[in-house]
Amino acid sequence: MNSTVHKAAIDSAKGGHMTSGRDLGAPISAALAARPSPADDRQAEYRTLMRKWWFGAAVGLPTMVLSYPWLIPGLRDVFVRGSAQLWWLWLAMGVASFAVLVYSGNQFFSGAWEALKHRSANMNTLIAVGTGTAWLYSTVALLFPQLFPSAEMTDVYYDVSVVVTALVVLGMAMEVKARGQTSEAIEKLIGLQPKTARVIRDGVEAEIPVDEVVVGDVVVVRPGAKVPVDGVVIDGTSAVDESMITGESMPVAKAPGDEVIGATMNTTGSLRFRATKVGADTALATIVRMVGDAQASRVPIQRIVDVVSGYFTPTVVILALVGFVVWYDFGPTPAFAYATIVAITTLIIACPCALGMATPMSLTTGVGLAAGQGILIRSGDALQAAKKIDTIVLDKTGTITIGKPAVTDIVPAEGFEAEAVLSLAAAAERDSEHPLAAAIRDAAAQRGLTPPELTDFEAIPGHGIRARVDERRLLVGKRPFLESAGVKGAPLEADAARLADEGKTPVFVAFDGRLAGIIAIADPVKADSATAIAALRRLGLRVVMVTGDNRRTAGAIAHQVGIEHVLAEVLPQDKAYEVRKLQLEGRVVAMVGDGINDAPALAQADVGFAIGTGTDVAIEASDITLIAGSLHGVATAIAISRATMRNVYQNLFGAFVYNGIGLPVALGVLYPVAGLLLSPILAALAMSFSSVTVISNANRLKRFRLREVTP
Amino acid sequence: MTLDQVLVTIVGFALVATVAWFFWLKPSRGVLAATVSDGYQEQMVLVRGGYTPDTIRVAAGKPVRLLFRRDETAVCSEKVVILDFERSADLPTGKVVPIEFLPAQPGEHEFTCQMGMLRGRIVVEAA
């Protein structure tokens, strides 16, 4: 179910203005109220098809038995070949089977006719022509036997038209049911949306429909209630279960200033929050839209299938005609009967549906499965690319580490005080957006320091900051940056090395041409980074860490988490270049970053993973978005992509092999060598079975075990 | 070869040629989408065993709105996809579902059901 569509459906129902296929102008909850949904359509269709199947089966069973009365003791004496009794029996069967064609099989004939009007052909064409030919042949043989040169040719095939219709209808019913299961994931997501919200307006708390909540409303969430929209906590503390959106199983502590995501479940305490995103802008609505779009996209290999399926059905009709001619000219007697049966069997056994459904069904299931884990796969292209990657580049800050660095040590040089060093560094970093700058400012603020005023401030990205305090030169940054300005780092070299070996980043501070001290900043490694990296390695991937840090610090962090390949001292703008270099070595590279600072590298990589995006899920640069911050999501996403693509290939292989073997057998290639000729009823059974198999195989993906990638 | 065999062979291969001509060599004049008051080029598309019309001509550079109406319950057609414009929509039976996009350049684009069985074309012509 696609919220976009529901929204559109409502608009049109109101006779109102139409919006684009993507532009969600109305609240998602309103969209949910729209009926009928494709799921309801499918239910109705399933019930109708099952009724048709039972009718077909009820007529089909006696028809099958009575078509060959001479094989059954007791009947063979009553219905003797050529007798009037047999003629009347067959006439009754003709009428009953006509009723089956009209009631159970009408969609084949109307579908074939509609397609014919478009000068196109589909499965309906094949089944309608097949069952229709069997019925017509039988009826002509029954009513006008004199038209046929021999009595052997006047046997009837009413059982073929009835049983084939019934079996194909049953296959369609099973297909409708299985299809519903493939799109369960997105329906489950939409079902998460609460219907009402408690808001405080004019000092009064009231429960209102969720689509009436506007940005800025103060929303109250009690323990055990769902968070209705996205917002920022202004009062109260609680733990919120975000697993339905992020895939992270542990509840997340919330306090004033923290973001809450709509559709998540409040557990212990009461919260008041200010709504920041409502309606179509919420994280849930964005996720639903992205998943819907990805499910409707194409896996690149599907383009080949599209070309084949464009020619498939008319080709089958041509094969059936050629088969008829060949069997008529060279087949055994009665040639006309054999030729007709061969042509009918050929039409019935061909299964364009298995071919058409092979990839969309797997894609829908795989993308839905990932969404349930807080992993948003943008398209079929991303999925196919993710399956092929052999190298994964992890950005250190925010990906392997928490991304919130803090000052751990201050080592002043001789003649300087630790607080003075920190104060000077805080002054230099006052306006910088670098994550390390925030750590230095926080440390200075915690110690109650007032940084001096600066003049001539200049930031050199990736290197450091140059400024003046009272006409005296201040440099803050990496050691080579200070050395290039003539400052010797040697006096504190041993301290810098020791700090780096502990995984800390040393920031050098020089004042008036002399080294003033080193400030060590550390960004703690996420608790589960090491196990996630081990999982990536178990998937056979070469794991590379990229960072702007010096080699020692980078090496220490890499050692902690078990990474062998480190690209250190890489400037932010050069990350994309490092990815390109790996690609030039013939590697298929995935890049994992925060999606904002790493956008060029994410775009350069064969697959870009944005990690820990929280509610900001629609990050354009990434192919795969992980809502939660854990690196485990990357391993899970790759494992799901591999499983999905394996499923796609299995389905395509199955569909091609089925048609590739089925069609020649139906045409009778085994007859000259083994005397084997396929019955149209077996062909119908095989045909129904093949499309149900494709969908069942896609549904098998849902049982994909996450513990395959997590220890 | 007997006379009837000769006849069956001739008729059979004539039918083969007819099938190939009928399904693969169809003319595609298409329908020109009308421009409506809000500046959109708009066209209603009926979904029933196929798309009617199945070839829609539009001018480049002006927004297009296709209004899909599915008039059947067969699951095959429950979704329509316009891959080149990254648009897709579910089509609940009996509802009009609009899909909008902006064709910037002249060219041809397909719209299909999810399985690629039903097909239509959007022919973008130079404005």
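The model shown is predicted, which means the values in this text are computed figures rather than measured ones. Heavy-atom basis, side chains included; hydrogens, waters and symmetry copies ignored. Order of the sequence lines fixes the chain letters, A, B, ..., with proteins taken first and strands second; residue numbering starts at 1 for each chain.
Looking at A:Asn122, only its side chain comes within 4.5 Å of chain B, counting heavy atoms on both sides. For A:Thr315, the parts lying under 4.5 angstrom from a heavy atom of chain B are both the backbone and the side chain. In this structure, chain A has no heavy atom under 4.5 Å from any part of B:Ile10. For a residue to count as touching a neighbouring chain, one of its non-hydrogen atoms must lie under 4.5 Å from one of that chain's; by this rule B:Val8 touches chain A with backbone and side chain alike. Contact annotation for A:Leu116: both backbone and side-chain heavy atoms come within less than 4.5 Å of a heavy atom of chain B. For a residue to count as touching a neighbouring chain, one of its non-hydrogen atoms must lie under 4.5 Å from one of that chain's; by this rule A:Glu45 touches chain B with the side chain only. Heavy-atom distances place no part of B:Thr2 under 4.5 Å from chain A, backbone and side chain included. For a residue to count as touching a neighbouring chain, one of its non-hydrogen atoms must lie under 4.5 Å from one of that chain's; by this rule A:Phe312 does not touch chain B. Residue contact with chain A, scored on non-hydrogen atoms closer than 4.5 Å, involves the backbone and the side chain of B:Arg48 alike. With a 4.5 angstrom heavy-atom cutoff, A:Phe324 touches chain B only via side-chain atoms.
Counting heavy-atom pairs closer than 4.5 Å to chain B, the top-ranked of the candidates A:Ala121, A:Gly111, A:Ala112 is A:Ala121. Taking B:Leu118, B:Thr112, B:Asp4, B:Leu66 one by one and counting their heavy-atom pairs under 4.5 Å with chain A, the maximum is reached by B:Asp4.
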May I have the list of side-chain donor-acceptor pairs in residues 12-21 of chain B shorter than 3.5 Å, sequence neighbours left out?
unit_1	atom_1	unit_2	atom_2	d
B:Thr18	OG1	B:Ala14	O	2.7

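Ion pairing between a basic and an acidic side chain is recognised when a charged N comes within 4.0 Å of a carboxylate O; A:Lys117 and A:Glu114 show such pairing.
When side chains are defined from C-beta on, B:Thr9 counts as touching B:Met1, because their heavy atoms get closer than 4.5 Å. Within the 4.5 Å cutoff, no side-chain heavy atoms of B:Arg119 are placed close to those of B:Asp54. Two residues are said to be in side-chain contact when any heavy atoms from C-beta on lie closer than 4.5 Å; B:Pro92 and B:Val97 meet this criterion. At least one side-chain heavy atom of A:Pro332 sits under 4.5 Å from a side-chain heavy atom of A:Trp327.
Between A:Phe336 and A:Tyr137, the distance separating the two ring centers is shorter than 6.0 angstrom.
In this structure, B:Arg65 satisfies the cation-pi test against B:Tyr40, with its NZ or CZ atom closer than 6.0 Å to the six-membered ring centre and inside 45 degrees of the ring normal.
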